[in-house]
Student: 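Pasting in a structure now, in structure tokens, and then I'll have a few things to ask.
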Amino acid sequence: MKKYLMAAALLAATSAHAHISLEQREFAAGSYQKLVFRVGHGCNGSPTVAVSIRLPEGVAPMRPMLKNGWSIERTPDSLTWRGGPLPDDFYEEFVMFGKLPAAGNHTFKIVQSCQFGTANWEATLETR
Ligand SMILES: [Cu+2]
């Protein structure tokens, strides 16, 4: 019981803390959608200067949304925004659009680069 309570408290703390996460993570399989990745803070207080998102297998080319003050690099399976710097205590969103894959869980691996340090995140999209 005690273990269970500790796990629940940890989960609550994790979701309250923004990280880099999807604004909405459940969509209809095969639909065209806008995915919004939310950046809630920097790396241990350091401003963000790049956000690189690896597209999971099956997530065909996504179209990045242009963003003032940020350049965009594209590869077949990744999108990287470089710019800012985005201060640690500011909030930002990075947006892409495209056709979502067949039903399943699809995990985006995200690297947040800051003036000092980096942070790795994962955001899982569920299509059904
Ligand atoms: Cu966080």
Side-chain angles (χ1 to χ4, degrees):
M1 186 59 174
K2 199 173 178 188
K3 260 187 186 164
Y4 170 79
L5 285 174
M6 280 178 60
L10 256 178
L11 267 179
T14 302
S15 54
H17 198 158
H19 308 292
I20 294 184
S21 58
L22 275 165
E23 179 184 57
Q24 184 182 335
R25 53 174 302 272
E26 292 178 14
F27 292 98
S31 61
Y32 284 83
Q33 301 291 346
K34 176 179 79 169
L35 301 181
V36 178
F37 292 83
R38 308 178 296 186
V39 177
H41 57 74
C43 314
N44 286 320
S46 180
T48 302
V49 294
V51 173
S52 186
I53 302 175
R54 184 156 295 276
L55 307 175
E57 213 173 308
V59 179
M62 296 292 280
R63 297 159 182 260
M65 192 164 98
L66 284 173
K67 192 165 189 55
N68 263 343
W70 299 77
S71 65
I72 301 175
E73 280 168 34
R74 311 169 76 175
T75 73
D77 63 354
S78 72
L79 295 175
T80 302
W81 284 261
R82 288 183 201 284
L86 171 67
D88 176 64
D89 57 350
F90 276 60
Y91 169 80
E92 255 299 9
E93 295 179 339
F94 296 84
V95 178
M96 62 181 73
F97 176 84
K99 187 178 185 189
L100 301 185
N105 288 324
H106 316 280
T107 299
F108 294 78
K109 295 194 171 181
I110 304 161
V111 180
Q112 178 178 21
S113 301
C114 297
Q115 287 179 336
F116 297 100
T118 62
N120 295 294
W121 307 107
E122 287 188 0
T124 298
L125 169 77
E126 186 183 351
T127 53
R128 48 184 171 181

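Note that these values count all heavy atoms, side chains included, but never hydrogens, waters or copies made by symmetry.
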Student: Linking I/L/V/M/F/W/Y whenever any side-chain heavy atoms sit under 4.5 Å apart, do V49 and V39 land together?
Tutor: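 Shared cluster, no.
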Student: Side-chain heavy atoms under 4.5 angstrom apart, residues restricted to Ile, Leu, Val, Met, Phe, Trp, Tyr: same cluster for F27 and Y32?
Tutor: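 Each belongs to a different hydrophobic cluster.
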Student: Strictly by modelled atom types, are S21 and R38 linked by a side-chain donor-acceptor pair under 3.5 Å?
Tutor: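 The answer is yes; a qualifying pair exists.
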Student: Working to the nearest 0.5 Å, report the span between CG of L55 and OG of S78.
Tutor: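 Reported value, rounded in 0.5 Å steps: 6.5 Å.
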Student: Per the disulfide bond (SG atoms under 2.5 Å apart) rule, what does the pair list look like for residues 22-128, sequence neighbours excluded?
Tutor: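 Qualifying pairs, neighbours excluded: C43-C114.
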Student: Is there a donor-acceptor pair under 3.5 Å between the side chain of S46 and the backbone N or O of F116?
Tutor: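 Yes; at least one donor-acceptor contact below 3.5 Å.
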Student: How many angstroms lie between atom CG of L35 and atom CD of Q33, to the nearest 0.5 angstrom?
Tutor: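 L35 atom CG to Q33 atom CD measures 7.5 Å (nearest 0.5 Å).
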Student: Applying side chain to side chain donor-acceptor pair (under 3.5 Å) as the test, list every pair that has at least one member in residues 87-96; sequence neighbours left out.
Tutor: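 Qualifying pairs, neighbours excluded: K67-E92, Y91-E93.
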Student: In the single-linkage hydrophobic clustering (I, L, V, M, F, W, Y; side-chain heavy atoms under 4.5 Å), do L66 and F97 co-cluster?
Tutor: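 No, no single cluster joins them.
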Student: Tracing side-chain links under 4.5 Å among I, L, V, M, F, W and Y, which residues wind up in one group with V95?
Tutor: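 Hydrophobic cluster check, V95: joined to V36, M65.
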Student: Take atom CD in E57; do more than 12 heavy atoms of anything else shown fall under 6.0 Å from it?
Tutor: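 No - once you tally the heavy atoms of other residues, nucleotides and ligands closer than 6.0 Å, there are 12 at most.
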Student: Distance check, rounded to the nearest 0.5 Å: F94 atom CZ versus W81 atom CH2?
Tutor: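 Output value for this atom pair is 7.5 Å.
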Student: For a quick test of reading the model, state the closest non-hydrogen atom pair linking T48 to G42 and the distance between them.
Tutor: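 Shortest heavy-atom contact: OG1-CA, 3.6 Å.
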Student: Are L79 and P64 side-chain neighbours, meaning at least one heavy-atom pair lies under 4.5 Å?
Tutor: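 Yes, side chains in contact.
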Student: Could you tell me which residues satisfy salt bridge (charged side-chain N to carboxylate O under 4.0 Å, His left out) with E126, sequence neighbours excluded, listed by chain and number?
Tutor: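 Once residues adjacent in sequence are excluded, the partners of E126 under the salt bridge (charged side-chain N to carboxylate O under 4.0 Å, His left out) criterion are R128.
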Student: Please say yes or no: joined through hydrophobic side-chain contacts below 4.5 Å, possibly via intermediate residues, are I20 and F90 part of one cluster?
Tutor: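 Both belong to a single hydrophobic cluster.
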Student: So, Q112 side chain and H41 main chain: donor-acceptor pair closer than 3.5 Å or not?
Tutor: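 Present.
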Student: Less than 3.5 Å apart, which donor and acceptor atoms pair up between the side chains of residues 101-111 and the rest of the protein, not counting sequence neighbours?
Tutor:
residue: H106; atom: NE2; partner: A102; partner atom: O; Å: 3.0
residue: H106; atom: NE2; partner: G104; partner atom: O; Å: 3.3
residue: H106; atom: NE2; partner: T127; partner atom: OG1; Å: 2.8
residue: T107; atom: OG1; partner: T124; partner atom: OG1; Å: 3.0

Student: Step through the shown structure and confirm whether more than 12 heavy atoms of other residues, nucleotides or ligands are within 6.0 Å of CZ on R63.
Tutor: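 It does not: R63 CZ has 12 such atoms or fewer within range.
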Student: Not counting sequence neighbours, which residues clear salt bridge (charged side-chain N to carboxylate O under 4.0 Å, His left out) with R74? List them please.
Tutor: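 Salt bridge (charged side-chain N to carboxylate O under 4.0 Å, His left out) list for R74, sorted by chain: empty.
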Student: Can you tell me how far apart CH2 (W70) and OG1 (T80) are? Round to the nearest 0.5 Å.
Tutor: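 So the gap between those two atoms works out to 11.5 Å.
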Student: Ignoring hydrogens, what is the shortest heavy-atom contact between P87 and P85? Give both atom names and the distance.
Tutor: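 Shortest heavy-atom contact: CD-O, 3.4 Å.
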